[in-house]
Amino acid sequence: MNESKNFLESIVEKDLQSGKYKEIVTRFPPEPNGFPHIGHAKSIFINFGIAREYNGHCNLRMDDTNPTTEDTKYVEALKDAVIWLGYKWDGNVRFTSDYFPALYEYAKKLITMGKAYVDSLSEEEIREYRGTVTEAGKRSKFAQRSISENLDLLERMKNGEFAEGEHVLRAKIDMAAPNMKLRDPLLYRIRHAHHFRTGNEWKIYPMYDFAHCLSDYIEGVTHSICTLEFENNRDIYNWVLDTLELEPPRPYQHEFARLNINYTVMSKRKLLELVEGGYVNGWDDPRLPTIAGYRRKGYTAEAILTFCDQVGVAKANSIVDVSQLEFCIRDDLNKKVPRVLCVLNPLKVTIENYEGREEIDAPYYPHDVPKEGSRKLPFSREIYINREDFEENPPKGYYRLTPQQPVRLRHGYIISCKEIIKDDAGNIIEIKAAYYPDSKSGNDTSGIKVKSAIQWVSADSAKEVEVRLYERLYKSEFPEGIEDLNPNSLQIIKNALIEPAVVTEKPDKRFQFEREGYFYADPLDYTDEKPVFNKIVGLKDSWGKKKTEKQPRAKKSQEKKIQIDGEVTPMTPQQEKFFQRYTQELKLNNEVANTLARDEILSSLYEEALTLLNTPVNLANLIVNEVAREIKEKGFEALQFAAKELAQLTAMLDEEKISNKIAKQVFEEMAKSGKNPTKIVEEKGLVQISDPALIEPIIEEVIAKNPDNVEKFKAGNKKLLGFFVGQALKATGGKANPKIVNELVAKKLG
RNA sequence: UGGGGUAUCGCCAAGCGGUAAGGCACCAGUUUUUGGUACUGGCAUUCGGGGGUUCGAAUCCCUCUACCCCAUCCA
């Protein structure tokens, strides 16, 4: 498990601690209009994971408010995905459509409150009236309708008296809102369509923004977690819940960045295009990032979950490298799966000095995997090895069989090449070899050193199998469309040869084909007569990499990106006047003066404080930095202090009664409680300690407690000075005079 | 162009005024009858840029830049 907390976990912990909620309730709320993919897995992992972590529960809710796109086959797939990933939803599967009656009542309530109206503008008009990002919209004349008329119209909409598009129900919020989503959002539209659950019962269907928040509320959800593109919808979410004056507690929405992986597409539209266009073989094609695809390919749920955990949850749009996912599945399978021998591209080898046959006892697991089990490996005069494991003219660093270099047959004997047989075209078709009888694995007395052991199968007992080799679907790292498809994403080998135990014993469904990768017995097409294996992922291959790479490796551009400074809005004459006064008369630095001059609130506060205390620089710094933050966070009206308190605080600073560090602490307290700063200092005894005699023993102690850091410091790590100062300051509760501490630490450490 | 977000290593990502976590990738080396695994070590003098505040800034303030989302009767 990822040890550091993500921002959602922090929020949940805070809400639990503050008593905002007694129990955490989350929900995974997909629309059943497509097959789930690994992006859903991330959402499932987060929602169910948080519920599990904090002993709450998580609902599975189908957000089925759009009858034209949804289908029950998708709800089954979604349910399967959750179960496969190992989670259990609370109670039954929920459906937004279950709440249609309740939602309808809430809509009537909004109308009654004068907060919603039936609009009869056309679709096009509604769009026009909405305005643009820079221009305010204008409200429909139908917003004037009376409550009773609205109520009547809504009921008749529900009863099917109107055609689609004739009317809609809208929230009455603000047609000039800077957030476009708030410009009287639609709440209901008329749809004469068949819904896969409610049939033809409803003629009106609620929109996402109306249905989602209320469904969350109805289910008692506490944390409504969704992806970043809903950030703008959060305002409506809150508006609906607040306006309806629902009994608390109510849910709050939090957004995280959706999952993206390079060489992969995740959008419903593009996935659909691949399937419908026949570029892949259905929704469970192993090249697809769908849950069904990964499953068919042989991925384990554990690997997917580990991956979700590793990539973390944050708010920055990002694209994760596929190698992270590949690592997860390799890492999982490495410790679970039996190793067997399979020859993908067979080359016949006749061992001329061997007669008869024998069975070699071979363990399924290597020494570093703590699992038991073994099988018999038949060996005979005729065997097959992989074509790539023999080279007539080997490149430098080649470890396998060559005319000069012997090689070990894994679990078996060492062989060496005696003769190369070629066909008329010059292709190698067979190797004549000799084996060393005293080199058998386990009791090798031959003393021959080989550089590698290769996989092989005995010709008389090997089984022919089909192996499907999958590579990334796209050749482009950030694929756009079908033009970026990798033409070689699927290679089918019809006549690979595998050792018999795999088919007869079936020790598992997943295997490592030694030196090749991990493979999975295809759950649909595999039969004992015609076994089929899918490649899950290859092994790491440092040899193959060495061979292919070498030359490209574009050197990264060393120069930093040059950033152009944009234009700064010029000051008004009034601001200019202030600026002049601040810089020249009061000797403030340009930056501080500039900030002050441009901000009316700050400057008036400053001017006022100046009349109480004539310390222009310290006062300006306090206002520009600390007060500005306070105003930014809470607003000017919420300020708990006035110019007088600021002057008092600054005065203490001037007298060096308190240090800057303490001043910040006092300021925070003052901003929170509105207490008088002098009083805070007195009550908490925050007066600065500047006497070296008092500080010195503390420093001694810090030094004594951190011998290794002293070492590091003496070895040249000068950054550690800050560490020691910090520790000493901490020991005094921040009261020690930092300047003095700095000096003393520097002196003591030489 | 208004509003809402986001920027920390090649890719993810912690960090919330006092020593720049961790994972993947990569590079060395050790072990190895899988060119796998495991193990060891190396990988950000610097946090999008520029200023400011502070003894001390990735963290606070100002400002600029880049990218993402919003003008579906989709979710």
Do [X] and [N] have a side chain to base donor-acceptor pair shorter than 3.5 Å?
X	N	result
N232(A)	G3(B)	yes
K719(A)	U46(B)	yes
N334(A)	U37(B)	no
K661(A)	G18(B)	yes
R400(A)	G35(B)	yes
Q512(A)	U34(B)	yes
E135(A)	G2(B)	no

Is there a side-chain polar atom (N or O) of [X] under 4.0 Å from OP1 or OP2 of [N]?
X	N	value
N590(A)	G52(B)	no
S542(A)	G36(B)	yes
R189(A)	C74(B)	yes
T69(A)	A75(B)	no

Under 4.0 Å, counting only non-hydrogen atoms across every strand here, what does [X] touch: a base, just sugar-phosphate, or nothing?
X	answer
V133(A)	base
Y205(A)	nothing
E514(A)	base
G517(A)	nothing
N742(A)	base
N233(A)	base
D565(A)	base

Side chain of [X] - closest among [options]:
X	options	value
R127(A)	A71(B), U32(B), C12(B)	A71(B)
D368(A)	U37(B), U34(B), U45(B)	U37(B)
K632(A)	U1(B), A75(B), C62(B)	C62(B)
A314(A)	A13(B), U33(B), C70(B)	A13(B)
N625(A)	U1(B), G52(B), G23(B)	G52(B)
R130(A)	A14(B), G23(B), C73(B)	C73(B)
L539(A)	U34(B), U72(B), C55(B)	U34(B)
K545(A)	C70(B), G36(B), C26(B)	C26(B)
M207(A)	C62(B), G49(B), C73(B)	C73(B)
N66(A)	U54(B), C74(B), G2(B)	C74(B)

Gap between atoms [atom1] and [atom2], on [X] and [N] respectively (whole Å):
X	N	atom1	atom2	value
Y582(A)	C62(B)	OH	P	16 Å
D321(A)	A13(B)	CG	C1'	14 Å
Y365(A)	A38(B)	OH	P	18 Å
R515(A)	G36(B)	CZ	C1'	10 Å

- Query: Y399(A) on top of G35(B)'s base, within under 5.5 Å and under 30°?
  - Reply: yes
- Task: Output yes if the stacking criterion (under 5.5 Å between centres, under 30° between planes) is met for Y208(A) over the base of A75(B), else no.
- Result: no
- No-hydrogen, no-angle side-chain donor-acceptor test under 3.5 Å, N386(A) and E388(A): yes
For atom [atom1] of [X], is the number of surrounding heavy atoms from other residues, nucleotides or ligands below 6.0 Å larger than 12?
X	atom1	value
K449(A)	NZ	no
K747(A)	NZ	no
E124(A)	CD	no
R598(A)	CZ	yes
E656(A)	CD	no

- Task: Just do the salt bridge (charged side-chain N to carboxylate O under 4.0 Å, His left out) check on D235(A) and K181(A) with the steps written out, would you?
- Result: CA-CA 8 Å; D235(A) 285 343; K181(A) 295 270 175 187; over 6 Å; no
- Base partner of A7(B), which must satisfy Watson-Crick or wobble distances under 3.5 Å: U65(B)
- How far does the C1' atom of G22(B) sit from the matching atom of G17(B), given to the nearest Å? 23 Å
- Note on the structure: Heavy-atom nearest nucleotide on RNA chain B taken for E231(A) and for D331(A); more 5' hit belongs to E231(A)
- Note on the structure: Between N717(A) and G412(A), the residue closer to the 5' end of RNA chain B by nearest nucleotide is N717(A)
